[in-house]
Amino acid sequence: MLKHKEFIIGAAAGLLVAVVATAGGLIRWPGMDGSLLSVSGPITPSAGAPGAAFGPPPGAPVSFADIFTQVAPAVVQIDVRTRVPRQAQTYQIPGLPFEFEGPEGETPEGETTLGAGSGFFISADGYIVTNNHVIANAEEITVRLADNRELPARLVGRDESTDLAVIKVDGGRFPYVSFEESAEPRVGDWVIAVGNPFGLGGTATAGIVSAKSRDLQDVSSNYVDYIQIDAAINRGNSGGPTFDIYGRVIGVNTAIFSPTGGSIGIGFAIPANTAKTITDRLMRGEQIERGYLGVTIADLDPFREAMGLGDGIAGALINDVTAGGPAARGGLRPGDIVIELNDAPVSGATDLTRRVGAAEVGETIEVVVLRGERRLVARVQAAKRPSQSELEAQQTPGRRPVPEASPGQSLAGLTLAPMTPELRAKYDIPAGVNGVVVVAEAQLGPTRFVPGVVILQAGRNPVRSIADIQAEIARARAAGREQFFVLAWSADGNGAVLLDVPSQSAAQPRARAPATKQ
């Protein structure tokens with residue numbers, strides 16, 4: 001899972017990896033304090049040819065100097081002082097997949113660290129947009145203007161789920177820019193990114209829109225379809241604006257994809273329409289509330305064939321249901337497939353998340369699910385979605401020793417045994433969890449099974465005995481499928497897994513577990 005703290009999206013061994021980084025301090029050199037022409041009030045750069053929403057004005061792309069001169073006064077550097085809780089340190093031995101805990105810190109209150117990012121004025125009276133991860137946990141926020149003035153700022157509001165925040169400085173007649181709402185940039189249109197990379201201050205880079213509606217495989221993508229740009233953005237650019245060639249803000253720079261930590265020409269910005277909707281509400285003092293069902297979901301597509309579903313069925317798979325939450329009270333269960341919400345089809349996990357998030361707290365939502373071969377209707381009253389940090393804290397697995405193995409029957413690479421009171425007590429399996437127990441450790445592909453894991457469902461049917469799993473394997477063989485689906489419980493939460501159908505002579509099939517989207 002990616003975490004938005006001046007983050008970089010990296011590529012390693014074919015996987016997307018989040019690397020947490022902190023912007024460096026301000027680098028100074030002789031002559032760097034030359035100020036831009038003082039500007040106040042709204043900035044309205046001159047437009048280009050009439051009727052061309054994103055057509056180049058005269059002179060573009062020969063130079064972006066005129067546009068930069070006009071918009072740069074609205075872009076600011078944001079310096080933050082943050083207290084980081086001191087935690088037990090870990091270190092890793094190269095070549096070994098183990099982490100070891102180091103000594104605990106001596107100052108429980110944590111250390112103070114400095115960070116830097118970017119932002120921009122969106123009103124004459126001092127409201128500034130930036131990223132939430134730039135100012136998260138900040139004890140002190142200082143804004144450095146293009147004319148080198150430094151002003152203290154206060155937090156107005158923030159939204160973790162879209163990584164947006166609004167801060168404010170006192171004063172008036174500040175130069176400001178506006179979000180573009182009437183036209184949407186196309187792939188191939190010119191863009192200009194302005195910000196504070198590596199603490200260097202006002203820096204402009206140019207490029208084009210490379211792609212749209214990007215999913216970063218991060219929790220923020222549940223609510224944001226990112227714009228991909230190839231204008232260079234680096235650490236410290238976070239929170240700065242992406243402009244079109246008319247000086248209109250089309251996005252808020254947020255992340256980069258990089259195996260090195262530096263720009264390789266793949267950056268991501270929050271689109272203007274999303275940013276304006278959220279920041280307008282924050283400026284009005286509103287809390288960003290979203291509906292909540294209390295389920296962990298996954299896209300159905302990776303599991304469709306293994307579950308024996310046709311291409312005509314779309315939806316989201318429920319991996320887990322929060323005990324006592326709205327979905328549990330409404331009768332939803334792990335393994336249900338949500339196919340409709342309020343009489344409209346559900347296309348996937350992101351679609352479901354956004355539509356539930358748009359529900360009013362307390363609103364009754366009608367949810368249609370497939371459970372086995374049956375189509376069921378549940379009515380669920382939406383609750384208030386907890387903050388992202390609260391959700392992440394709930395999902396963080398603890399370190400547990402591997403339980404002792406027990407005798408069992410080998411099937412599909414697992415050692416299984418029927419549920420008994422003795423196994424339930426030995427592995428501390430809750431009373432409401434029923435199925436077949438994994439009683440020996442197994443590493444099947446990327447999926448690690450430890451003693452005490454419970455197979456809840458095989459295919460689309462609940463598991464009560466080993467024979468239920470054998471029956472699902474037989475169905476998969478008869479249908480010519482190479483894999484079958486299982487839903488497994490563990491003390492850290494449920495997981496959907498694809499297991500290879502064993503041949504009559506196979507002893508050790510592989511397992512595949514596509515990443516779930518929370």
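For clarity, every value in this text was computed on a predicted model and none was experimentally measured.
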- request: Return the minimal non-hydrogen interatomic distance between V369 and V367, and the atom names on each side.
  value: CG1-CG1, 3.9 Å
message: Looking at R333 and D336, is there a salt bridge between them, counting it only when a charged N and a carboxylate O are closer than 4.0 Å?
response: no
message: Tell me whether Q443 at atom CD has more than 12 heavy atoms from other residues, nucleotides or ligands lying less than 6.0 Å away.
response: yes
- request: Take N434 and R424 through the test side chain to side chain donor-acceptor pair (under 3.5 Å) and record every step on the way to the result.
  value: CA-CA 9 Å; N434 296 295; R424 190 180 293 279; 3.0 Å; yes
Qualifying salt bridge (charged side-chain N to carboxylate O under 4.0 Å, His left out) pairs, either residue in residues 306-321, two or more places apart: none
- prompt: Which pair of heavy atoms, one from N234 and one from P197, lies closest together, and at what distance?
  reply: CB-CB, 4.1 Å
message: Using modelled atom types and a 3.5 Å cut-off, is there a donor and acceptor pairing between side-chain atoms of K212 and backbone atoms of P185?
response: yes
statement: Separation between CZ (R158) and CD (Q287), nearest 0.5 Å, reads 10.0 Å
Rounded distance [0.5 Å steps], CD1 in I339 versus CG in L300: 10.0 Å
query: So, N131 versus T254: side-chain donor-acceptor pair below 3.5 Å or not?
result: yes
message: Side chains of T350 and Y223: any donor to acceptor distance under 3.5 Å?
response: no
E482 side chain reached by D500 side chain, heavy atoms, under 4.5 Å: no
- prompt: When you look at L317 and F485, which way does the side chain to side chain contact (heavy atoms under 4.5 Å, CB included) test go after all the steps?
  reply: CA-CA 12 Å; L317 173 67; F485 169 87; 3.7 Å; yes
task: Verify, without hydrogens or angle tests, whether T162 (side chain) and V224 (backbone) share a donor-acceptor contact under 3.5 angstrom.
output: no
query: Do you know the tightest heavy-atom contact between A382 and A359?
result: CB-CB, 4.4 Å
- line: Heavy atoms of V338 and I318 approach each other most closely as CG2-CD1, 3.7 Å
- request: Output the distance between atom CZ (R379) and atom CG (L332), rounded to the nearest 0.5 Å.
  value: 12.0 Å
I297 vs T353 side-chain heavy atoms within contact, under 4.5 Å: yes
query: Do V129 and V252 come close enough that some side-chain heavy atom pair is under 4.5 Å?
result: yes
query: Is any side-chain heavy atom of Q457 less than 4.5 Å from a side-chain heavy atom of P462?
result: no
query: Can you check whether N319's main-chain N or O pairs, donor with acceptor, with N494's side chain at less than 3.5 Å?
result: yes
Carboxylate-amine/guanidinium contact E139 R81, below 4.0 Å: no
- request: Please step through side chain to side chain contact (heavy atoms under 4.5 Å, CB included) for the pair L416 and V438, ending with a clear verdict.
  value: CA-CA 5 Å; L416 304 170; V438 175; 3.7 Å; yes
message: Please evaluate residues L352 and L341 with respect to the criterion side chain to side chain contact (heavy atoms under 4.5 Å, CB included), reporting the C-alpha separation (whole Å), side-chain torsions for both, the decisive distance (0.1 Å), and the verdict.
response: CA-CA 8 Å; L352 178 61; L341 192 77; 4.1 Å; yes
field: Verdict with supporting geometry, T322 and V295, side chain to side chain contact (heavy atoms under 4.5 Å, CB included)
entry: CA-CA 6 Å; T322 302; V295 293; over 6 Å; no
- request: Please report the shortest heavy-atom distance between A314 and S347, naming the atom on each side.
  value: CB-O, 4.2 Å
salt_bridge(K276, D280) N-O dist < 4.0 Å: yes
task: Rounded to the nearest 0.5 Å, what's the gap from CD1 on I233 to CG on N253? Could you check?
output: 4.5 Å
task: For residues I208 and I229, determine if any side-chain heavy atom of one lies less than 4.5 Å from a side-chain heavy atom of the other.
output: no
Atom of V380, atom of P326 and distance for their closest heavy-atom approach: CG1-O, 3.4 Å
message: Is any side-chain heavy atom of R354 closer than 4.5 Å to one of V356?
response: no
task: Sequence neighbours left out, what pairs pass salt bridge (charged side-chain N to carboxylate O under 4.0 Å, His left out) with at least one residue falling in residues 433-444?
output: E441-R448
message: Under a plain distance cut-off of 3.5 Å, with no hydrogens placed, do T82 and N137 share a side-chain donor-acceptor pair?
response: no
- prompt: Roughly how far, to the nearest 0.5 Å, is the CD1 atom of I455 from the OG atom of S465?
  reply: 13.0 Å
field: Pair R481 + E472: basic N to acidic O under 4.0 Å
entry: yes
message: Side chains of Q409 and T415, heavy atoms from C-beta outward: is any pair under 4.5 Å?
response: no
- prompt: Counting N and O atoms only, with roles assigned by atom type, does the side chain of D163 sit under 3.5 Å from a partner on the main chain of N132, one being a donor and the other an acceptor?
  reply: yes
field: Nearest-0.5 Å distance, CD1 of residue I469 to CG of residue N461
entry: 11.5 Å
message: Using side-chain heavy atoms (C-beta onward) and a distance below 4.5 Å, is F198 in contact with R235?
response: yes
field: Carboxylate-amine/guanidinium contact R375 E340, below 4.0 Å
entry: yes
